[in-house]
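In what follows, a structure is listed as structure tokens, so that the remarks can point back to it.
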Amino acid sequence: MNYTNYFSIVLKRFERYYTVTPNVSYGGILFDSDAVFSVHEDQTVLFKENVMDYSNSIEHCLFKYEPELSVDGVRSIVENFPVFSRELTNPSRYHKCTVIKVILVTDGFTSPQDEQFCTRMTKKFYFSKVHAFYLHGWTEGYLYIEDISHNNEYKNRRAGKSSYRI
């Protein structure tokens with residue numbers, strides 16, 4: 001499977017619930033697309049008409065294609081997660097959580113050593129930031145690597161059962 005087929009299948013899945021924006025740049029890194037899913041939750045006290053409070057949750061899925069992935073490419077993404085958090089999160093009283101998922105799609109790695117190091121770095125990586133002692137929400141970050149030529153997926157241990165494998 002090549003990247004154009006993979007990306008078209010993923011976009012068809014995402015277009016139903018996500019707002020997809022192609023060719024976006026965060027932290028000086030150009031991504032192929034940004035799929036955004038937002039939820040507005042109302043919290044009532046007595047009746048449905050009397051909405052006392054609400055909260056917003058946002059999920060960003062950033063896709064980037066690298067023909068050959070190296071350690072430097074993964075390291076630059078990992079080091080820029082605080083920048084992604086600043087650019088994509090708007091902490092306020094009504095902010096609940098923002099989840100940032102970076103999906104790196106590749107045809108292969110530059111060497112077997114790079115593959116081992118990148119998978120180890122991906123499995124151990126987890127980004128979390130708390131805004132004003134959880135009063136203004138929190139931000140989480142996850143990293144996925146999709147090797148479409150070998151049909152392998154590498155992800156965080158905390159990512160759970162979420163998958164972007166086709």
Note to self: Tell me if the centroids of the rings in Phe37 and Tyr17 come within less than 6.0 Å of each other.
What the structure shows: no
Margin query: Using only atom types and a distance under 3.5 Å, with no angle test, would you say the side chain of Asn156 pairs donor to acceptor with the backbone of Leu143?
Written below: yes
Margin query: Quick check for you: to the nearest 0.5 Å, what is the distance between Ser85 atom OG and Lys129 atom NZ?
Written below: 5.0 Å
Next item on the list: Would you check if the distance from the ring center of Phe63 to the ring center of Tyr6 is below 6.0 Å?
Entry: no
Notebook entry, point to check: What distance separates Ile100 CD1 from Tyr26 OH, expressed to the nearest 0.5 Å?
Noted result: 9.5 Å
Next item on the list: Is it possible for you to say whether Leu104 and Val71 belong to one hydrophobic cluster, with membership spreading through side-chain heavy-atom contacts below 4.5 Å?
Entry: yes
Note to self: Taking atom NZ as the centre, does Lys96 end up with more than 12 heavy-atom neighbours from other residues, nucleotides or ligands that are less than 6.0 angstrom away?
What the structure shows: no
Margin query: Looking at Ser149 and Asp107, would you say the former's side chain and the latter's main chain have a donor-acceptor pair under 3.5 Å?
Written below: yes
Checklist line | Any donor-acceptor N/O pair, His131 side chain to Pro91 backbone, under 3.5 Å | finding: no
Margin query: Working to the nearest 0.5 angstrom, can you tell me the gap between His136 NE2 and Thr89 OG1?
Written below: 13.5 Å
Next item on the list: Without swapping roles, check the side chain of Ser8 against the backbone of Thr4 for a donor-acceptor pair under 3.5 Å.
Entry: yes
Margin query: Within the structure provided, determine whether Ile145 and Cys118 are in side-chain contact (heavy-atom separation under 4.5 Å).
Written below: yes
Checklist line | Heavy-atom side-chain contact between Leu11 and Val20 under 4.5 Å | finding: yes
Next item on the list: Please confirm whether the backbone N or O of Asp147 pairs with a side-chain atom of Thr106, one donor and one acceptor, at under 3.5 Å?
Entry: no
Check: Hey, quick one: are Tyr144 and Ile77 part of the same hydrophobic cluster, counting side-chain heavy atoms closer than 4.5 Å, chains of contacts allowed?
Finding: no
Item checked: Donor-acceptor pair, side chain of Asn56 and main chain of Ser38, under 3.5 angstrom -> no
Next item on the list: Taking all non-hydrogen atoms of both residues into account, name the closest pair between Tyr54 and His40 and its distance.
Entry: CD1-CE1, 3.0 Å
Check: Distance from Glu140 atom CD to Cys97 atom SG, nearest 0.5 Å?
Finding: 7.0 Å
Margin query: Between Ile29 and Val24, is there shared hydrophobic-cluster membership here, with clusters defined by ILVMFWY side-chain heavy atoms closer than 4.5 Å?
Written below: yes
Margin query: Looking at Asn80 and Ser76, would you say the former's side chain and the latter's main chain have a donor-acceptor pair under 3.5 Å?
Written below: yes
Note to self: Looking at Glu87 and Gly27, would you say the former's side chain and the latter's main chain have a donor-acceptor pair under 3.5 Å?
What the structure shows: yes
Checklist line | Rounded distance [0.5 Å steps], CG in Asp34 versus CG in Leu62 | finding: 5.0 Å
Next item on the list: May I ask you to check whether Tyr142 and Phe125 place their ring centres under 6.0 Å from each other?
Entry: no
Margin query: Please tell me whether Ile103 and Ile9 are part of a single hydrophobic cluster in this structure, the criterion being side-chain heavy atoms less than 4.5 Å apart.
Written below: yes
Next item on the list: Kindly determine whether Thr139 and Thr98 satisfy side-chain hydrogen bond (donor to acceptor under 3.5 Å, both in side chains), including the steps that lead there.
Entry: CA-CA 5 Å; Thr139 302; Thr98 300; 4.7 Å; no
Next item on the list: Check whether any side-chain heavy atom of Arg93 sits under 4.5 Å from a side-chain heavy atom of His95, and report yes or no.
Entry: no
Notebook entry, point to check: Taking the inter-plane angle between the rings of Phe7 and Tyr3 on a 0 to 90° scale, is it parallel (under 30°), tilted (30 to 60°) or perpendicular (over 60°)?
Noted result: parallel
Check: Is there a path from Val10 to Met1 through hydrophobic residues (I, L, V, M, F, W, Y) whose side chains come within less than 4.5 Å of each other?
Finding: yes
Item checked: Atom pair OG1/NE2 of Thr19 and His60 - distance to nearest 0.5 Å -> 10.5 Å
Notebook entry, point to check: Between Met121 and Val78, is any pair of side-chain heavy atoms under 4.5 Å apart?
Noted result: yes
Check: Do you see a donor-acceptor pair shorter than 3.5 Å between the side chains of Tyr154 and Glu115?
Finding: yes
Next item on the list: Please test Tyr18 against Glu59 for side chain to side chain contact (heavy atoms under 4.5 Å, CB included), starting from the C-alpha separation and ending with a verdict.
Entry: CA-CA 9 Å; Tyr18 288 73; Glu59 178 181 350; 3.4 Å; yes
Item checked: Hydrophobic cluster (4.5 angstrom, side-chain heavy atoms) - remaining members for Val36 -> Ile58
Note to self: Between Asp72 and Ser70, is there a side-chain donor-acceptor contact under 3.5 Å, judged purely by atom types and distance?
What the structure shows: no
Next item on the list: Give the C-alpha distance, both sets of side-chain angles, the deciding distance and a yes or no for ring pair (Phe, Tyr, Trp, His ring centres under 6.0 Å) between Phe84 and Phe31.
Entry: CA-CA 12 Å; Phe84 302 154; Phe31 291 96; 5.6 Å; yes
